[in-house]
Novice: 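Before I ask anything, here is the structure I am working with.
Atoms within a ligand are numbered from 1 in the order they appear, just like the ligands themselves. Along the sequence shown, residues are numbered consecutively beginning with 1.
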Amino acid sequence: MDRPNLPRSPASIEIQALVVRLHATHAGDLTGHLADYIPELAKADPAGFGIAIAHASGEVVTAGDALTPFTIQSVSKALTLAMLLDLVGREETYSAVGVQPSGDPFNAIMLDPRTKRPFNPMVNAGAIAVAGRLRETLGPDAFTQILACLGEAAGRELQVDQAVFESERETGHRNRAIGHLLRAADVFTVPVDDVLDLYFRQCSLLVTATDLAVMGATLANIGTNPVTRRDVFGMEAVRETLSVMFTCGMYDGAGDWACRVGLPAKSGVGGGIMAVVNRQLGIGVYSPLLDAAGNSVRGQACCAGLAEELGLHAFDSTNSGSSFFSGMGHAP
Ligand code: GLN
């Protein structure tokens, strides 16, 4: 999709300047490490760094490498959760996976001992459970439908990075162990290999920071992509997904994130973060240098900077974000 050449409102011109400033502030910070447990991810350019913000009116502002492709990885977990919620509803979705923060690393090989289900859909076990139910519900066509749905959320056709997919399929032994654990607990009944194939493919989709911003804005805009104006997710699926992103989206960094940034968000080991300002904005950041929890270092710093400067924190007493952003989308 070509981005429409929208009129620039005064608010979006100010935000553009802020995003450029934040990019310049953090560009020199090369702390963190590339994910290398998926060998192909270790080939990413550590200097790669892009920021994009999409408003619910459809306006998009960017800075740096906002059109550089990288694999979506775990950011896809939020979107496949929304898809499953739309397809089978809350009750059936939550018969496969819980909504409690786990406090364990994202790749922990464990189930919630009380429920015998994964703790939540944002850790690998929960996302593989969601993939299992999607495979069960949609059959061999499941990946085509995930591709179509995530493409609708981004507003353009997406593609798989075949090298990353194969790299993860060959080395993803922990995820295979999780798959068998879930199959043994009857979380899904289809073959484990089919489910992992689906999960690895969804993680290997190539996106840009701009795509993540538009996907986030689709969630912010109650499921309608604000650029293409096409409906992607239902209202209930969006509410559930944002709630789970708020409590569990940043793995065992989720509590710090909730206090520091105060926005529902999802990170991925490809270096992407998608954050959502409800009813207003989607934020997409790309920088592949990660902290120990697997979250992008500069991505988190940029989101914290945006939240602070624009008053985006959900519980900020001034809540200035709401009034500031009401000016976006209105050209003079
Ligand atoms: N595909 C990756 C994995 O399963 C996703 C992990 C992530 O982004 N945190 O290990």
Novice: Would you mind telling me if ligand 1 is within reach of the side chain of Y37, the backbone, both or neither, using heavy atoms under 4.0 Å?
Specialist: side chain
Novice: May I ask you to decide if the ring planes of F246 and F315 are parallel, tilted or perpendicular, using 30° and 60° as cut-offs?
Specialist: perpendicular
Novice: Does ligand 1 have any atom that is closer than 4.0 Å to a heavy atom of N107?
Specialist: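 No, N107 has no heavy atom closer than 4.0 Å to ligand 1.
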Novice: Return a yes/no value for N124: is any of its N or O atoms, backbone included, closer than 3.5 angstrom to an N or O of ligand 1?
Specialist: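 So ligand 1 has an N or O lying under 3.5 Å from an N or O of N124.
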Novice: For ligand 1, which atoms, with element, lie under 4.0 Å from some heavy atom of Q73?
Specialist: 1 (N), 2 (C), 5 (C), 8 (O)
Novice: Below the 3.5 angstrom mark, is there an N/O of V269, backbone or side chain, next to an N/O of ligand 1?
Specialist: yes
Novice: Which protein heavy atom lies closest to atom 3 (C) of ligand 1, and at what distance to 0.1 Å?
Specialist: E168 OE2, 3.1 Å
Novice: Just to confirm my output: which protein heavy-atom neighbour is closest to atom 9 (N) of ligand 1, and how far is it?
Specialist: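 Of every protein heavy atom, Y251 OH, 2.6 Å lies nearest to atom 9 (N) of ligand 1.
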Novice: Do E309 and R21 sit within salt-bridge range, that is, some charged N less than 4.0 Å from a carboxylate O?
Specialist: yes
Novice: How long is the straight-line distance from CD of E152 back to CE of M83, given to the nearest 0.5 Å?
Specialist: 11.0 Å
Novice: Output the list of atoms in ligand 1 that are nearer than 4.0 Å to some heavy atom of N175, sorted by atom number.
Specialist: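 Reading through ligand 1 atom by atom, the close ones are 3 (C), 4 (O), 10 (O).
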Novice: For the residue pair H23 and F49, categorise the inter-ring angle as parallel (less than 30°), tilted (30 to 60°) or perpendicular (more than 60°).
Specialist: parallel
Novice: Quick one: pull up OG1 in T62 and CD in Q16 and give me the separation to the nearest 0.5 Å.
Specialist: 5.5 Å
Novice: Write out the residue and atom name of the closest protein heavy atom to atom 6 (C) of ligand 1, then the distance separating them to 0.1 Å.
Specialist: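 The answer is S74 OG, 3.0 Å.
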Novice: Considering only non-hydrogen protein atoms, determine which one is nearest to atom 4 (O) of ligand 1 and report residue, atom name and distance to 0.1 Å.
Specialist: Y199 OH, 2.7 Å
Novice: So, are R176 and D193 salt-bridged, with charged N and O less than 4.0 Å apart?
Specialist: yes
Novice: Show the atoms of ligand 1 that are less than 4.0 angstrom away from any heavy atom in C203.
Specialist: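 Within the 4.0 Å cut-off of C203, ligand 1 contributes 1 (N).
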Novice: Has R201 got its NZ or CZ under 6.0 Å from the middle of the six-membered ring of F165, at an angle within 45 degrees of the ring axis?
Specialist: yes
Novice: Taking NZ, NE, NH1 and NH2 as the nitrogens, is one of them in D29 or R298 under 4.0 Å from a carboxylate oxygen of the other?
Specialist: no
